[in-house]
K.L.:
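Next up is a structure, given as structure tokens.
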Amino acid sequence: MSDVIRLLPDSVANQIAAGEVIQRPASVVKELVENAIDAGATSVQIIIRDAGRTLVQVIDNGCGMSDTDARMAFERHATSKISQAADLFALHTMGFRGEALASIAAVARIDLRTMKQGETVGTRLIINGSRVESQEPEACTPGSNLMVKNLFFNVPARRKFLKKDSVELANIMREFERLVLVNPTVEFSLVSNDTTLHHLMKGSLKQRIVELFGKSLDKQLIPVETDTSIVRISGFVGLPQNARKRNALQYFFVNGRNMRHPYFHKAVMQCYDRLIGPDEHPTYFINFEVDPSTIDVNIHPTKHEIKFEDENAVWQILMAAVKESLGRFNAMPGIDFDSTDTPEIPFFNPDSSATHDVELDPHYNPFAGTEEVAAPAFRPASAGGASFRSRDALRAAGSDWDRLMEEFNSATSSPVAPVVSGSRLNDVEPASPVEPTDDAGIFDSQETDSEMRRSCIQLKNRYILSPARSGLMIIDQHRAHVRILFDRYLEMAENHSFVSQRIMFPEVVTLSPAQNAVLSVLLDEVTALGFDLSFLGDNAWSLSGAPSVLVDINPVDTLLRIIEDEIEGGEKPAATIRRRIALSMARAAAVRPGRTLSEEEMEKIISDLFKLSSPNYTPDGRLVVNILTMEELSRMFV
């Protein structure tokens, strides 16, 4: 039998590696900029065309490369950052694996011009899908100028699944934000389709934050500073009153590298316990400086996940530092005593005669027998002179108790209207009943009659329990309401029947650069839904109107959710985004898990849910209704 195991060609191995390292154009920007920083660049220019599909160009004034180094840089596992395994625990550079340039060259066309500092002639290298086409001497400026053209041209499946340009550009801008924040001493510029989006001069971290996210943050940040033998922590945290429900700016850096760390995020959140609401999030920009030998960055290809050796100790130091800053800058909320409509408390004057607004009973005897009621010896003057009752009188007044209970029971046993006036669940008239499809599902249409829904029980303020013919019906209240609202909003969007309601006091919505780029593309769609927006400049928008269906719902939060959902899962340019926007609005307006519902509200949800043609699943495929059959119940008690 012949051997079947063989080595893969380098071009194939590089394309496999590119699947992990180069996920989208933003990944190319990240790898090239980090290489420029490692080369000692003090000025980096990024040029984007068609959200990185056509061109990603990075120009820097770093040390440059010789002709041999330029050729070797695109070989897999070729790097100048490390030379032995021990160097992994003393890293001072962003890159170290030697995979990025080889992976990029495997899925794009490369045009590199580079020259070392102090030399007069550089080199130009052209690579097409891992194949070197030419390398010639060329006069160029010191540093490197690397162009990545037609990304994924030889991997059609990868190129096909790229998102629309607005989404890919938003991801590039998010990566750009992380890179410029961690390198405030480097000058950066970002140009997209011949339009300069950012030109950031070198400066301090706070100057970079204000320049990137707006001047409003200048007075909202307080410094954090502590230095120990384990870690040095510096940066800024936001004041509690400026916490956001969405769109919070939260960044961790370690040794000049971006990182995500849920454990440290929890430490910061605990510092704001009882200072902000449970659904609010503070802003923070926190930098850790530690001994490189105490962290491991070689966990994930993106190098965003980092493991600390003394994680618990760093957690406690971080908590202490943030709490100290919040206390030192009086970030604790003050007590606001409202003096409006408060009763006036007179000063005590022993010389004045006391008057009481009561009428004493002269016939009251506290030492009378048990036949008299030991009641207080006064009655209010406003009682019209009515005397106090004896125990016999009270007993006589209570003789009609049975009759009163009968009247109460007869009143409460009358049928209750299934709709509560003013309830948020009834803001929009339910859609006309739709005949269920013939598709088999977990829900049988025969189980929807009113006889089976005579009673509803809410479990843990999250699930609705109701009897069904085949057993016990369990409904997730949030998902059910999302399903109902989604169908309504989608129908309204298709019929252009959304009505905009004016906001008495327009709100200013400040977005990040990435969110602003997406909203600019979505403006026509969100306007058709009833949002009235005006651009104010500097990534700020004025919200003057919102869809009338969003009763008791913050329109700013809904708008931000639409933008974030579009960034996370934007569709192809030719596809409609109405379903995604309708789903975003439904998620924002639906009843939340944990909210107590009345029996009328639960019945309203069940009634509206089973009028739909597809009640069993949410638009994104999550289960809404489940049936616990009688057979399953019986097996529980065997």
Side-chain angles (χ1 to χ4, degrees), residues 24-25 48-54 161-174 190 192-197 214 246-247 427-428 482 485-503 506-551 553-589 619-620:
R24 58 199 330 161
I48 304 296
R49 190 170 297 279
D50 298 332
R53 301 170 191 268
T54 304
F161 285 101
L162 289 177
K163 307 302 182 181
K164 63 172 64 175
D165 285 357
S166 61
V167 176
E168 295 299 343
L169 180 60
N171 281 282
I172 289 174
M173 296 182 73
R174 280 188 168 181
L190 176 62
S192 175
N193 293 339
D194 300 326
T195 301
T196 301
L197 302 180
R246 297 185 66 85
N247 200 31
D427 295 334
V428 183
V482 167
L485 295 180
F486 169 78
D487 283 25
R488 294 180 187 173
Y489 293 164
L490 183 60
E491 182 180 359
M492 295 174 70
E494 292 175 348
N495 297 332
H496 302 284
S497 58
F498 274 102
V499 178
S500 179
Q501 182 174 354
R502 301 291 295 177
I503 298 176
E507 297 191 50
V508 176
V509 185
T510 303
L511 304 177
S512 68
Q515 292 172 327
N516 185 73
V518 173
L519 181 57
S520 300
V521 176
L522 295 179
L523 187 58
D524 291 340
E525 291 290 342
V526 298
T527 301
L529 295 176
F531 289 95
D532 187 359
L533 292 162
S534 302
F535 186 59
L536 303 178
D538 198 18
N539 297 332
W541 296 75
S542 174
L543 180 61
S544 303
S548 58
V549 297
L550 297 181
V551 179
I553 302 298
N554 190 332
V556 176
D557 291 344
T558 305
L559 179 63
L560 293 175
R561 180 157 196 163
I562 291 173
I563 297 172
E564 289 298 318
D565 287 347
E566 184 66 16
I567 292 176
E568 294 298 327
E571 300 174 1
K572 296 291 290 181
T576 178
I577 62 172
R578 288 177 182 171
R579 289 180 58 87
R580 188 175 302 280
I581 293 180
L583 179 57
S584 300
M585 292 180 60
R587 287 171 175 168
D620 52 350

K.L.:
So which heavy atom on Val482 is nearest to which on Ala586, and how close?
P.N.:
O-CB, 3.7 Å
K.L.:
Within a strict 4.5 Å, meaning less than it, do heavy atoms of the Ile562 and Phe531 side chains meet?
P.N.:
yes
K.L.:
Residues in side-chain contact (heavy atoms from CB on, under 4.5 Å) with Ser520, at least two apart?
P.N.:
Asn516, Trp541
K.L.:
What verdict does the side-chain contact (heavy atoms from CB on, under 4.5 Å) test give for Arg53 and Asp165, after you've listed the backbone C-alpha separation in whole Å, the side-chain angles of each residue and the deciding distance to 0.1 Å?
P.N.:
CA-CA 9 Å; Arg53 301 170 191 268; Asp165 285 357; 2.6 Å; yes
K.L.:
Below 4.5 Å, heavy atoms only, C-beta onward: do Leu536 and Val508 meet side chain to side chain?
P.N.:
yes
K.L.:
Quick one, Leu519 and Leu559 - any side-chain contact, counting heavy atoms below 4.5 Å?
P.N.:
yes
K.L.:
Strictly distance-based, threshold 3.5 Å: is any side-chain N or O of Thr54 a donor or acceptor partner for the main-chain N or O of Asp50?
P.N.:
no
K.L.:
What pair of heavy atoms forms the shortest contact from Gly52 to Ile172, and how long is it?
P.N.:
N-CD1, 4.4 Å
K.L.:
Kindly compute the distance separating CE (Met492) from CG (Asp487), expressed to the nearest 0.5 Å.
P.N.:
13.0 Å
K.L.:
Does Arg24 pair with Glu168 as a salt bridge, N-O distance under 4.0 Å?
P.N.:
yes
K.L.:
Quick check against the 3.5 Å criterion: does Ser192 have a side-chain atom that pairs as donor or acceptor with the backbone of Thr195?
P.N.:
no
K.L.:
Sequence neighbours left out, what pairs pass salt bridge (Lys or Arg N to Asp or Glu O under 4.0 Å) with at least one residue falling in residues 526-535?
P.N.:
Arg502-Asp532
K.L.:
What's the shortest heavy-atom distance between Pro506 and Ser542, and which atoms?
P.N.:
CB-OG, 3.9 Å
K.L.:
Run the side-chain hydrogen bond (donor to acceptor under 3.5 Å, both in side chains) test against Asn193 and tell me which residues pass, sequence neighbours left out.
P.N.:
none
K.L.:
Is there a side-chain contact between Met585 and Pro547, using heavy atoms and a 4.5 Å cut-off?
P.N.:
yes
K.L.:
Any Lys/Arg nitrogen of Asp620 or Arg587 sitting under 4.0 Å from an Asp/Glu carboxylate oxygen of the other?
P.N.:
yes
K.L.:
With side chains defined as the heavy atoms from C-beta onward, is the minimum distance between Asn539 and Pro513 less than 4.5 Å?
P.N.:
yes
K.L.:
Applying side-chain contact (heavy atoms from CB on, under 4.5 Å) to Thr196 and Leu190, what does each step give before you reach the verdict?
P.N.:
CA-CA 6 Å; Thr196 301; Leu190 176 62; over 6 Å; no
K.L.:
For a quick test of reading the model, state the closest non-hydrogen atom pair linking Leu169 to Ala51 and the distance between them.
P.N.:
N-CB, 3.9 Å
K.L.:
Looking at side-chain heavy atoms only, is the closest gap between Pro25 and Leu162 below 4.5 Å?
P.N.:
yes
K.L.:
Quick one: pull up CG in Leu533 and CG in Leu543 and give me the separation to the nearest 0.5 Å.
P.N.:
5.5 Å
K.L.:
Report yes if the side chains of Gln515 and Met173 come closer than 4.5 Å at any heavy-atom pair, otherwise no.
P.N.:
no
